[in-house]
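First the proteins, then the strands, lettered A, B, ... as listed; each starts at 1.
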Amino acid sequence: MHKQGYWGYIFTLPFIVNLLVFVLFPIVFSAYIAFTQWDLFNAPRWVGLDNWIQTLTDPPFWISIRNVMVFSLIFVPLQTVFAFIIAYLLNQSIRGKSLFRLFYFMPVVTPWIAGGILWVWLYNYRFGLINWTLDSIGITPIHWLDNKHWWVVIASVAIANVWKGIGSSMILLLAGMQNVPKEMLEAAAIDGASRWVRLTRIIFPLVSPMVYMVMILSTIASFQAFDVFLGMFGSITAGIPEQHMVTNLIIYRDAFLFFKMGPASAMAWLLFVIILSITLFQRYFEKRWVHYD
Amino acid sequence: MKNKAKVVMMMSLSAVLLSACTLSNSGSGSAPGGSGDGETVRITLGLPGGYDVTNKEIIDGFIAAHPNIEVDIQEAPWGDFTNRIATQIAGNTMPDLWFQENAVILGYGQRGVAEDLAPYIERDLTTDDYIDTLFAAQTPEGQVWGVPHGANPIALAYNKTIFEEGGVALPTDEWTFENLIEAAKQLTQTDANGNTEVFGFIGSSSITQGWFPWIKQAGGMVLDETLTESRFDDPNTIAGLQQLRDGIADGYFMDGDSITAYGGELPAFGSGKSAMFFLQYSTQVTMNNDFPDTDWDVVKIPRSVDGERYVPTVSNSWLISSRASQEAKDASWEFLKYYLGDEAQAILAESGSALPVKQSALALLEDSQTKPANKLAFTDGIAEGGVTLDENASWNEWRIAVQQIVNEIVKGNVTPEAGALDIHKRVQDILDSQS
């Protein structure tokens, strides 16, 4: 090996050690403890497939998967569409553009502990602004976060999550739009293309890789939803109804409140497989609408 | 060769850096010889909530009185501490001595993390000097996994002004829950549009101030005496939940939306939005600080249908790590003896943050000048009917399972009967899985 090669290894050694110790080891270790009974305090005991069978036959796990899927189905399209529209509008020549960008990005840097309080207030059945508005225009107020129908609750949380996440998606799409050659748009305009045609035939195809990335990132984030649900419902110990639980909350609860590391690890791996499958599914359809040329 | 030496050096440096990132368990690092021969012993003391929860005067007093014991304090906000402690135990870097919720301590005991304090208590304490809460962390088998940091019973707090304006007689220690419900109906005030301005009582959905006392007063049970069987299928248990739900549904108990709007249960009571409230002893400090002008007092929790009194009492418990060295265990027990002694218990009584468990310190409360005037409602209440929240090693797990469904019951999304039967099945499954 060349002398230069040694130096390369030496300089990357801290990162390699970090990767091995804090990333690779926990992944391998969690795969191991998924086959054991381990309470954190005593030595793990091998139980074979028990944790996997228990998880796969546990109704609350499937309820949580159903919830993250519905959450994702509402959150991802809403966030992508609204982020695209806002990015498009903010890419125009308008006054106070920077100020608008700042406003839309502010929720991203707002912690969920504060965002949760805000949205819990907005959704309050008796005193919330949303129900007050509905009531004042003659619409019956809605139980947003304590509805009998679980999907209303999940949709309410998804909408709050759109508010929080739209800023970062908007920034990505805006960056993509700013790379669209002005000459191309001007040439299309001279040839008589309307705004709609320029948007759908030029801007969207050119920005489609960014849209695709936003969708992938949003999907992964939605399946990993955790803090948004804690922000909206308070702590796990306060008793978030099972019908509103998501998988990451159950994993955290089982691991660190109930000290059941084995089932929690099995659940985490199953969630990983589901996220991977959905990402591959999205990738399968990528070629049909994403343009890299 | 020279390059290989550099690689080895860099790897060694990385290893040193990594090891520096981990915490060390100072408890096992006590000086040989222990405290008995005058050498210094070092212990690590975990204080969740820091000095907001544990009086600094007590810690300082212990340090001053025990020059041969060095105390390293690990303090952190409550949530941070409790989130971290499990991983500290897993990594064997936990303090030698700390406190947490009593139910959590019971779980630690079952998993071999806590030292059995029964022999220490038998050797060094006169148990008659203490109230029964001293043994809150005792198992049916006789192990004692911790001793109380303090006791927190509940009492019925009432707003005198609202009672006087409503022309309703003030509560007494002889009240039953029926009296409470009737008074709540009479004291609920609505405006011209039918919106409630003052509620009679706060319909808490929490265990201590909500479903547990409501179940007990109706003659129901949560678990049986052995703490291994669910009793949520008991008709009296369901009746208790039904009464709590009825109060909220009929509008004389404050509902969850209103509690949120008023900033929580205590602010709702303190600001005069509710006439009555089950107040936990420790919250009197906040009540007096935040609402000094509110005219209020307490009486004992009303009697149940069978004439008995059940006073739910929450306690946090100190535990000594079973993995600490013997010297550190002995030094930690010295701290607990000091904590349970007259001087420290008097400081605890003075602070108002929890009831002391030593009888002599409880007597000091009679001379207290702070509100509530009738502190005997807590001390006599706990003596007459103090009960734990049916805590066992799986309490954290079954309590959350119950809470999930009770939240739906109080909102009216599930009927008390259907909800209780669902709870019964889940709780029994959890209890069975532990046995």
Side-chain angles (χ1 to χ4, degrees), chain A residues 1-7 9-18 20-22 38-42 54 59-60 117 120-121 123-128 131 141 143 145-150 153 233-245 252-261, chain B residues 2-4 6-7 9-11 13-15 17-18 21 79 82-84 86-92 94 101 104 107-108 110-113 195-196 205-207 255-258 260-262 322-323 394 396-397 399-408 410-414 422 426 430 433:
Chain A
M1 192 179 288
H2 292 292
K3 194 177 175 183
Q4 206 176 359
Y6 275 120
W7 280 110
Y9 283 115
I10 288 168
F11 283 126
T12 55
L13 191 62
F15 304 100
I16 292 169
V17 170
N18 179 65
L20 290 175
V21 175
F22 295 112
W38 188 44
D39 65 0
L40 272 175
F41 314 134
N42 297 290
Q54 184 192 323
I117 292 169
V120 165
W121 262 104
Y123 281 142
N124 189 297
Y125 179 73
R126 285 162 57 99
F127 305 98
N131 276 352
H143 285 276
L145 292 177
D146 50 4
N147 201 287
K148 284 181 180 176
H149 304 291
W150 61 269
V153 179
F233 294 114
S235 71
I236 294 174
T237 54
I240 301 172
E242 194 174 279
Q243 292 297 319
H244 310 153
M245 288 286 270
Y252 175 81
R253 182 195 68 187
D254 283 6
F256 296 106
L257 294 180
F258 300 165
F259 307 125
K260 295 179 174 177
M261 297 304 287
Chain B
K2 200 175 171 185
N3 286 334
K4 277 183 183 172
K6 282 178 184 168
V7 171
M9 190 187 74
M10 290 298 287
M11 289 182 81
L13 193 63
S14 301
L17 280 171
L18 276 172
C21 291
T82 52
N83 285 339
R84 196 178 62 189
T87 45
Q88 278 189 278
I89 297 167
N92 212 25
M94 66 286 199
E101 299 91 334
V104 177
Y108 287 156
Q110 189 194 41
R111 295 179 174 92
V113 176
N195 297 319
T196 307
S205 60
S206 71
I207 177 170
D255 60 292
D257 280 339
S258 301
T260 305
Y262 296 129
S322 60
R323 297 179 194 167
S394 59
N396 219 13
E397 194 170 344
R399 205 274 305 166
I400 290 175
V402 176
Q403 194 65 59
Q404 287 179 316
I405 300 169
V406 167
N407 287 348
E408 295 295 280
V410 296
K411 286 172 191 165
N413 289 342
V414 179
D422 191 9
R426 289 167 193 239
I430 292 166
S433 69

Contact origin within [X] toward chain B - heavy atom pairs under 4.5 Å:
| X | value |
| --- | --- |
| A/Phe258 | both |
| A/Asp254 | neither |
| A/Tyr252 | side chain |
| A/Leu257 | both |

Quick check: closest heavy atoms across [X] and [Y], and the distance to 0.1 Å?
| X | Y | value |
| --- | --- | --- |
| A/Ile236 | B/Ile400 | O-CG2, 4.0 Å |
| A/Lys148 | B/Asn413 | CG-OD1, 3.2 Å |
| A/Phe41 | B/Ala86 | CE2-O, 3.7 Å |
| B/Asp255 | A/Arg126 | OD2-CD, 3.3 Å |

Proximal component of [X], with respect to chain A [non-hydrogen, under 4.5 Å]:
| X | result |
| --- | --- |
| B/Ser258 | both |
| B/Asn195 | neither |
| B/Asn396 | both |
| B/Glu408 | side chain |

### Task
Kindly indicate, with the supporting measurements, whether the criterion side-chain contact (heavy atoms from CB on, under 4.5 Å) is fulfilled by A/Glu242 and B/Ile405.
CA-CA 8 Å; A/Glu242 194 174 279; B/Ile405 300 169; over 6 Å; no
### Task
Select, from A/Val120, A/Thr237, A/Asn147, the one with the greatest count of heavy-atom pairs under 4.5 Å involving chain B.
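Top option by heavy-atom pairs under 4.5 Å: A/Thr237.
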### Task
Name the member of B/Lys411, B/Gln403, B/Arg111 that forms the most heavy-atom pairs with chain A at distances under 4.5 Å.
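Max contact count across the listed options: B/Arg111.
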### Message
For A/Gly239, is there any backbone N or O sitting under 3.5 Å from a side-chain donor or acceptor partner on B/Gln404?
### Response
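No, B/Gln404 side chain to A/Gly239 backbone: no donor-acceptor pair under 3.5 Å.
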### Task
Using atom types as modelled and distance alone, determine if a side-chain donor or acceptor of A/Asp146 lies under 3.5 Å from a backbone N or O of B/Asn407.
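The answer is no, because no donor-acceptor pair under 3.5 Å joins these two groups.
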